[in-house]
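Working notes, beginning with the structure itself.
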Amino acid sequence: MLEEQRVGEILAAVPERGQWRYRPRRVGVLWRNRTFRVFAVFALLALCGVVILALVRDETGTEGFLVGLGLAVLPVPVLMTAFRWLDRVDPAPWRNLLFAFAWGACAAALVAILANSFATRWIATADPGNADTLGATVIAPVVEESAKAAAVLLLLLFRRRQFTGIVSGMVAAGFAATGFAFTENILYLGNAFGEDQQMGSAFASVTVMTFLVRAVMTPFAHPLFTVLTGIGLGMAASSAPRQRVRRIAAPLLGLLLAMGMHALWNGSATFGRYGFYVVYGAFMVPVFGLVTWLAVWSRRNELRTLAVELPVYAEAGWLASAEPLTLSSMRARSLARHAARRRYPVAEHGRAAARTVAEYEAFATSLAFLRRQVRRGTADPDFAARELELLHHLWQRRDIAGPALAYAARITHRARTHRLAPPGPYPYPWYGTRGPSGPYGPSPYAHPAQPYGPRPYGQQPSSAPPPYGQQPSAYQPYQPDQVGRPYAQPPYTAPQQTGSPDVGG
C-alpha cells in the first residue's frame, strides 16, 4: 500500500488530461483556427437564439412564452440523462453535446420555422384547403430532419476523433433533436396557454392536454426520428474508405427513414379519429423499442471492443493482465473509482484518486477504439503518435489506477489473464525502430543503459515488413489471422507479469 505521506506527491505528479498532447499540424487556413471556429459558432448560435426567441415570443405572447418555457424544459433533463447514459463507455466532450443541443434549439428551429412558414404560404396560393396538411406531412419532415441532421454531420466532419461509431451518432442526434423539441414545445405550449386564456378555461385544459401529449406520451418523438439519421452517419464513420457505397448510402437511408417516419407521425391526425393512437401503438412504440435495443447492443459492443483490443497491450506490459476484462465492465469501472476514493482518508486525495482512475479508464477506452479504427482502415494517418500519447497518459496514472482496477477485477471475478493471441513470436515487429522520440523526447522511464527499453517479448524484431508500412500514412490493414503489436514501443523495461497485482490494505 502506498504510504500516506507520498499520496499527495503521487497525485500531484499525475498530469492534467490536456497536458502532453499530440497536436497534428494544421494548414494555415483561417477556418481551421480553433479560436476563430469557436467564436464563429458561438456568434451564429447566439444570433439564431435571439431571433428564434423573438419569433416565439411574438407568436405566443409574453405570458405564453414564459409558461411554455417552464413546461418545455421539464423533459429535457430526462432525455439528456438517457443519452448521456448511452454514451458512458466513451463519453463525448460536453462541448460537442451542448453544441448539438444548441444547434437543434436555435439554428435548426429557426430554419424550420422560416422554411415551413414560407412553404405553407406558397402552397396556400395553389391549394388553400390542404396547405396546412401538406406543410405538416411533406414540407416539415424534410426541412426539420435535414436541419437537425446538420448538427451531427458537422460533428462528424470537425470532431472526427470523438465520433467513433453508431453510439456517437445516436447520442449527437439525440441531443440535437432534444434541443429542437425544446424550442418547438415552447411554441406549442405557449399557443395552448393562449387558447386557454381566450376561452377562460379555469383548469387550462388545452395546456394540460398539450403537455401530456408532447412531454409525457411522446417526448422521444423528435429524438427517435433524428436518431435514425445518427445511426446512418455512425455507420459511415465506422466504414473503411474503400466502402464508398456504405459511407454514402447509410446516411442517406437514415435521413430518408427519419423523414418518412416524421411524415407518418405528423399525418396520423388525418387517418381518422383514432389515427393518432393507431400510429402511436402500432408503429411508434415498436420502432422505439427496436432502436432502444440497437442502442443497448451497440453500447455492449463498445465494451466488448476493450476486451478484444486491449490484451495486446497487456502482453506488451503496458496494462495488467486482468485490466482488459475489467475495463470492459461498467460495474468494474465504477468499483475501481470508488475503491480509489476510499483508499485515501483525506477527502481531497480521495477525489483526486477517483478522478485519476476515471481518466485512466477514458484513455484506455480511446486506445482500444483507436486500434479498432486501424484494423478497420478508418484511422487517421497520425494514429501512431496518438497511440503514443494515450500510452503515455496510461503509464503516468498506473500507480493510482492499477491497484484500484485489480481490486475491481477480484470483486467482479475478472482477475484472470485474457489473451488475444497465444504467446510466442509475432508476425510483425513494432511500429518504428527507436521508440518514443520526436516532439516528446526520450522517455523518463527508460533505463540509462537502454534509453528506450528492451522489447517486452525479449526478442528481436522480425524481418517481415510492418503491417502498416514504414510511414504512418502508408499502413496496410490487418489480415484476419494476424495480430500485430502496438505501434509505439514501451518507454520502460517491461515487468514480468503473471497475474493481477495485489492490493494491500
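Residue indices begin at 1 and follow the sequence shown.
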Report summary line: R247 meets the salt bridge (charged side-chain N to carboxylate O under 4.0 Å, His left out) criterion, sequence neighbours left out, with none
Report summary line: Those residues at least two apart in sequence (or on a different chain) that pass ring-ring contact (aromatic ring centres under 6.0 Å, His included) with F182 are none
Query - Interatomic distance, L47 atom CG to I52 atom CD1 [nearest 0.5 angstrom] - result: 11.5 Å
Query raised in the report: Does some side-chain heavy atom of L327 sit less than 4.5 Å from a side-chain heavy atom of L310?
Result: yes
Report task. Report the distance from atom CH2 of W94 to atom CE of M80, rounding to the nearest 0.5 Å. Result -> 4.5 Å
Query raised in the report: CZ/F158 to CG/L153 distance, rounded to the nearest 0.5 angstrom?
Result: 9.0 Å
Query raised in the report: Does the side chain of R397 come under 3.5 Å of the side chain of H393 through a donor N or O and an acceptor N or O?
Result: yes
Query raised in the report: By side chain to side chain contact (heavy atoms under 4.5 Å, CB included), which residues pair with A176, not counting sequence neighbours?
Result: A100, A151
Query raised in the report: Which atoms form the tightest heavy-atom contact between H222 and A177, and what is the distance?
Result: O-CB, 3.4 Å
**Report entry** For D90, salt bridge (charged side-chain N to carboxylate O under 4.0 Å, His left out) partners two or more places apart
**Finding:** none
**Report entry** Step-by-step side-chain contact (heavy atoms from CB on, under 4.5 Å) determination, L306 to T365
**Finding:** CA-CA 7 Å; L306 276 76; T365 303; 3.7 Å; yes
Query - Partner of E361 under salt bridge (Lys or Arg N to Asp or Glu O under 4.0 Å), chosen from R88, R355, R337 - result: R337
Requested in this report: Tell me, please, which residues at least two apart from R159 pass side chain to side chain contact (heavy atoms under 4.5 Å, CB included).
Outcome: R37, R95, N96, L155, Q162
Query raised in the report: Cation over ring, R398 on W318, under 6.0 Å and within 45°?
Result: no
Query raised in the report: What distance do R386 atom CZ and L370 atom CG have between them, rounded to the nearest 0.5 Å?
Result: 5.0 Å
Query raised in the report: Measuring from T412:OG1 to Y407:OH, what's the distance to the nearest 0.5 Å?
Result: 10.0 Å
Report task. Show your working on side-chain contact (heavy atoms from CB on, under 4.5 Å) between F163 and V152 and close with a plain yes or no. Result -> CA-CA 9 Å; F163 209 103; V152 190; 3.8 Å; yes
Query - Trace of the side-chain contact (heavy atoms from CB on, under 4.5 Å) decision for Q396 with F363 - result: CA-CA 11 Å; Q396 288 192 320; F363 286 124; over 6 Å; no
Query raised in the report: Excluding sequence neighbours, so at least two apart, what forms salt bridge (charged side-chain N to carboxylate O under 4.0 Å, His left out) with R341?
Result: none
**Report entry** Which atom of L86 lies closest to which atom of A295, heavy atoms considered
**Finding:** CD1-O, 3.3 Å
Report summary line: For F220, the ring-ring contact (aromatic ring centres under 6.0 Å, His included) test, sequence neighbours excluded, returns F288
Query raised in the report: For E144, which residues count as a salt bridge (charged side-chain N to carboxylate O under 4.0 Å, His left out) partner, sequence neighbours excluded?
Result: none
Query raised in the report: Under 3.5 Å, side chain of S238 to main-chain N/O of G234, donor-acceptor pair present?
Result: yes
Query raised in the report: Would you find a donor on one side and an acceptor on the other, under 3.5 Å apart, between the side chain of T218 and the backbone of A221?
Result: no
Report task. Taking side chain to side chain donor-acceptor pair (under 3.5 Å) as the test, write out the residues that go with T178, two or more places apart. Result -> none
Query raised in the report: Between R372 and F369, is NZ or CZ placed under 6.0 angstrom from the six-membered ring centre and within 45° of the ring axis?
Result: yes
Query raised in the report: Between A409 and T326, which heavy-atom pair has the shortest distance, and what is it?
Result: CB-OG1, 3.2 Å
Query raised in the report: Within a strict 4.5 Å, meaning less than it, do heavy atoms of the L394 and Y313 side chains meet?
Result: no
Query raised in the report: side chain to side chain contact (heavy atoms under 4.5 Å, CB included) with V41: which residues, sequence neighbours excluded?
Result: L45, F99
Query - Distance-minimising heavy-atom pair for S328 and L303 - result: CB-O, 3.1 Å
Query raised in the report: Do the side chains of L255 and L233 get nearer than 4.5 Å, heavy atoms only?
Result: no
Query raised in the report: With A108, which residues qualify under side chain to side chain contact (heavy atoms under 4.5 Å, CB included), at least two apart?
Result: W103, A147, K148, F180
Query raised in the report: Is a side-chain N or O of T226 found less than 3.5 angstrom from the main chain of G174, in a donor-acceptor match?
Result: no
Query raised in the report: Can you tell if the side chain of D87 reaches within under 4.5 Å of the side chain of M170, non-hydrogen atoms only?
Result: no
Report task. Measure the spacing between CD1 of I400 and CZ of R343 and express it to the nearest 0.5 Å. Result -> 7.5 Å
Query raised in the report: For residues 173-186, which residue pairs qualify under salt bridge (Lys or Arg N to Asp or Glu O under 4.0 Å), counting only residues two or more places apart or in two chains?
Result: E184-R214
**Report entry** R371 side chain reached by V312 side chain, heavy atoms, under 4.5 Å
**Finding:** yes
Query - L367/L391 under side-chain contact (heavy atoms from CB on, under 4.5 Å): CA gap, chis, key distance, verdict - result: CA-CA 8 Å; L367 183 64; L391 290 173; 3.6 Å; yes
Requested in this report: Please report the closest heavy-atom contact between L156 and A237, naming both atoms and the distance.
Outcome: CD1-CB, 3.6 Å
Query raised in the report: What is the minimum heavy-atom distance between L71 and P75, and which atoms define it?
Result: O-CD, 3.6 Å
